[in-house]
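Below: one structure, written as structure tokens.
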Protein chains: 2
Amino acid sequence: MGLTIYDIAREAGVSIATVSRVFNNSPRVAPHTRKRVLEVARRLGYQPHVSAQSLARRQAQTVAAIVPMLTNYFFVEVLRGLQDRLAETNFDLLVYAAPTLSDVDAHLERALQRGRSAGVMIFSTPMSPERVERLQRSRQPVVLVDSFHPDFDSVSIDNEQGGYLAARHLLEHGYRRIGLLMAHPDSVPARERRHGYERALREAGLEPDPDLIVASTDPHNHGYTEEGGYEAMKQLLERTPRPEAVFVVSDIMALGALRAVEEAGLRVPDDLGLIGFDDLRVSRFLGLSTLRQPMYEMGKLAAEKLLRRIAELELPVTSTVFAPRLICRRTCAPGARDGQPETAALSQNQT
Amino acid sequence: MGLTIYDIAREAGVSIATVSRVFNNSPRVAPHTRKRVLEVARRLGYQPHVSAQSLARRQAQTVAAIVPMLTNYFFVEVLRGLQDRLAETNFDLLVYAAPTLSDVDAHLERALQRGRSAGVMIFSTPMSPERVERLQRSRQPVVLVDSFHPDFDSVSIDNEQGGYLAARHLLEHGYRRIGLLMAHPDSVPARERRHGYERALREAGLEPDPDLIVASTDPHNHGYTEEGGYEAMKQLLERTPRPEAVFVVSDIMALGALRAVEEAGLRVPDDLGLIGFDDLRVSRFLGLSTLRQPMYEMGKLAAEKLLRRIAELELPVTSTVFAPRLICRRTCAPGARDGQPETAALSQNQT
DNA sequence: AATTGTAAGCGCTTACAATT
DNA sequence: AATTGTAAGCGCTTACAATT
């Protein structure tokens, strides 16, 4: 209760400046003084008051993460990465979990309030000119994750390359007529993935067929939903001739797509090859081939970059691009099985 | 930069006390004064400084949530509930995401530091005497979620009743020889669920058979893992005669259990009925029958209770128990199918 | 040179006094 | 009575001065 630096100073027979120096690991304290102060502090159970420190240091002892909860798995993995890096510091983590992208701005306003945090990390959020302006006006350290803008540090994934790897993987398995399930056409990552897909097809001498590209029309989460994938796949399966394989731009959509395939009485991968993007936890369980984003590492690096910029605001801007990794399971190898035990799932006998 | 209450006061021709009153919605300000101050503040882009407010008000403008990330889904749902309630207040959320239960104490120390937060919520953490003592010494508002102690407000789920409902559901489908897959025997929720299971059996005139109860031996997460469920189910399937149905105390374990059933060449629910506990997102997809915890509501109520106690520390302690809800899918109705479209999954033809 | 102390300042809130 | 202002205080950090 209310134990302050004055109580410790009095009890230890020193000034409050000395107590402060001890707790800030200043070298300008004699060893025996330091020892005495720490002893008294421990005996009385003293802890520095964080709000007072924040005010006096002109720096909050927190950093903020604004994370749209677009997919649970992404969210949790990223958080793990952040947490692990921050645990090594004195910064604690303010989390602004935005249910959808349109909630981001309200949370941003709070996160940017003066004295709230020493810096902010913004995840998977398109950088509109208004947001950029707001961030710059705040004069705060900012790191973007899963998005890009030349004026801010960023950590992202090579979506174009991911789309390329996905399509090429299907091509290598002998599929030729390869469809694409898009999220909302405005989604920047989805568009980049599409470009990679098109590049791979052209490289293989195939012209992308607009008839085999269907976008999710679910208004939620930019179309990244199970329902969106389900509806889009139903449409795609009506094309004649049917596609032999499909690249779905996100695993959550692929779950819905799988259901549509089931209902059409088709078997994966024998009748239709499939590959997703994200590597959700459930993807492993279902044996869904996909491209994994190193989410944990992205979170960790985001924290690292932010800490660096907090320490030194005038650092040059850097952007880091991670390569997605192909995870080959059994939804894209007709007649084959990769044999990984984690790919087993509940047997079904529906048609 | 560094616009303070003094700048606004000067510009508006009032004292800093008046500016402060305006921003604190004090009724003791004349309407025209309020208007002028707000105008000036908006024009200059003034925001109150949160750290300074925290110090002067003797109350941090944050609340802390200590959440072991035992299962992603639980974690994310709870967070949604917290966030939704807190968005209506001026408190922001500090998240301490503990990868395992043993990380909780380190995070607790930080969350309880003076001036850090106005109160803490602790999730799914057994209340050892040491933790209780530490919390009481902090003199901070505390709410427990998914655990219980008579000295603190709490929000939890009726695990005994859940276990009872699970077993009774299996009994009603005609299963008699019903096994139980336990987590680590020390896990309080798992023990309560077991008691419910035993009560249901006895009520049906059956004596629980210790031979049909197998615990997960995975040292991680108190046994609540896919691997733990897999190993335990393998053992259980070796019993003769084999159980006709199994209640698994958590869905994450049920995933592993399903794999073991698959590998044994058995079909669910025809050869073996199964019911879990939690209702993870993947459970819906796999058609796993289970008991759902109202996680979102628990998060929301936890925030509510904490806010109330922050406002009034000497309130009487309350504990709220939520009833789990039976979610009947297709893993426990032999020969039957519940026909919900969301139960579809990837077809498999392994044995 | 090494160590310690004094005092101002961080940006608010609010009790109390003063004014209308 | 309604409105406003003065000044102390929240608990630290740190420049600068003082001491050994």
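Throughout, a chain's letter reflects where its sequence line sits, starting with A, and its residues are numbered from 1.
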How does protein reach along nucleotides 8-18 of chain D, written 5' to 3' as B (base within reach of a heavy atom under 4.0 Å), S (only sugar-phosphate), or - (no contact)?
-BBBBBBBB--
Does the side chain of A:T33 get closer than 4.0 angstrom to OP1 or OP2 of C:dT3 through an N or O atom?
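The answer is no; no side-chain N or O of A:T33 sits under 4.0 Å from OP1 or OP2.
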When you compare the side chain of A:P141 with that of A:L307, does any pair of heavy atoms fall below 4.5 Å?
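The answer is no; the side chains never approach within 4.5 Å.
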May I have the list of side-chain donor-acceptor pairs in residues 309-321 of chain A shorter than 3.5 Å, sequence neighbours left out?
{"residue": "A:R309", "atom": "NE", "partner": "A:D153", "partner atom": "OD2", "Å": "2.5"}
{"residue": "A:R309", "atom": "NH1", "partner": "A:L313", "partner atom": "O", "Å": "2.8"}
{"residue": "A:R309", "atom": "NH1", "partner": "A:L315", "partner atom": "O", "Å": "3.1"}
{"residue": "A:R309", "atom": "NH2", "partner": "A:D153", "partner atom": "OD1", "Å": "3.2"}
{"residue": "A:R309", "atom": "NH2", "partner": "A:D153", "partner atom": "OD2", "Å": "3.2"}
{"residue": "A:R309", "atom": "NH2", "partner": "A:L315", "partner atom": "O", "Å": "3.1"}
{"residue": "A:R309", "atom": "NH2", "partner": "A:P316", "partner atom": "O", "Å": "3.1"}
{"residue": "A:T318", "atom": "OG1", "partner": "A:K305", "partner atom": "NZ", "Å": "3.0"}
{"residue": "A:T320", "atom": "OG1", "partner": "A:K305", "partner atom": "NZ", "Å": "2.8"}

Which pairs pass ring-ring contact (aromatic ring centres under 6.0 Å, His included) with one or both residues in residues 113-141 of chain B, sequence neighbours excluded?
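Checked against ring-ring contact (aromatic ring centres under 6.0 Å, His included) - neighbours excluded - no pair reaches residues 113-141 of chain B.
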side-chain hydrogen bond (donor to acceptor under 3.5 Å, both in side chains) contacts touching residues 32-52 of chain A (sequence neighbours left out):
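Of all non-adjacent pairs touching residues 32-52 of chain A, none passes side-chain hydrogen bond (donor to acceptor under 3.5 Å, both in side chains).
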Could you note down all residue pairs passing side-chain hydrogen bond (donor to acceptor under 3.5 Å, both in side chains) where residues 52-62 of chain B supplies at least one of them, sequence neighbours left out?
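Qualifying pairs: B:N24-B:R57, B:R57-B:Q61.
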For A:R131, check salt bridge (Lys or Arg N to Asp or Glu O under 4.0 Å) against everything at least two apart and list the hits.
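By the salt bridge (Lys or Arg N to Asp or Glu O under 4.0 Å) rule, A:R131 matches A:D105.
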Hey, does A:S54 reach any base, or is it just sugar-phosphate, or nothing, if we go heavy atoms under 4.0 Å?
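Answer is nothing: A:S54 stays at 4.0 Å or more from every strand.
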Quick one: side-chain contact (heavy atoms from CB on, under 4.5 Å) partners of A:R80, sequence neighbours excluded?
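In terms of side-chain contact (heavy atoms from CB on, under 4.5 Å), with neighbours along the sequence ignored, A:R80 is linked to A:E77, A:Y296, B:M69.
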If a stem is a run of at least 3 consecutive Watson-Crick or G-U pairs, both distances under 3.5 Å, which stems include DNA chain C?
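C:1-20 with D:1-20 - these are the stems of 3 or more pairs that involve DNA chain C.
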Could I get the full list of ring pair (Phe, Tyr, Trp, His ring centres under 6.0 Å) partners for A:F322, not counting sequence neighbours?
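Ring pair (Phe, Tyr, Trp, His ring centres under 6.0 Å) list for A:F322, sorted by chain: empty.
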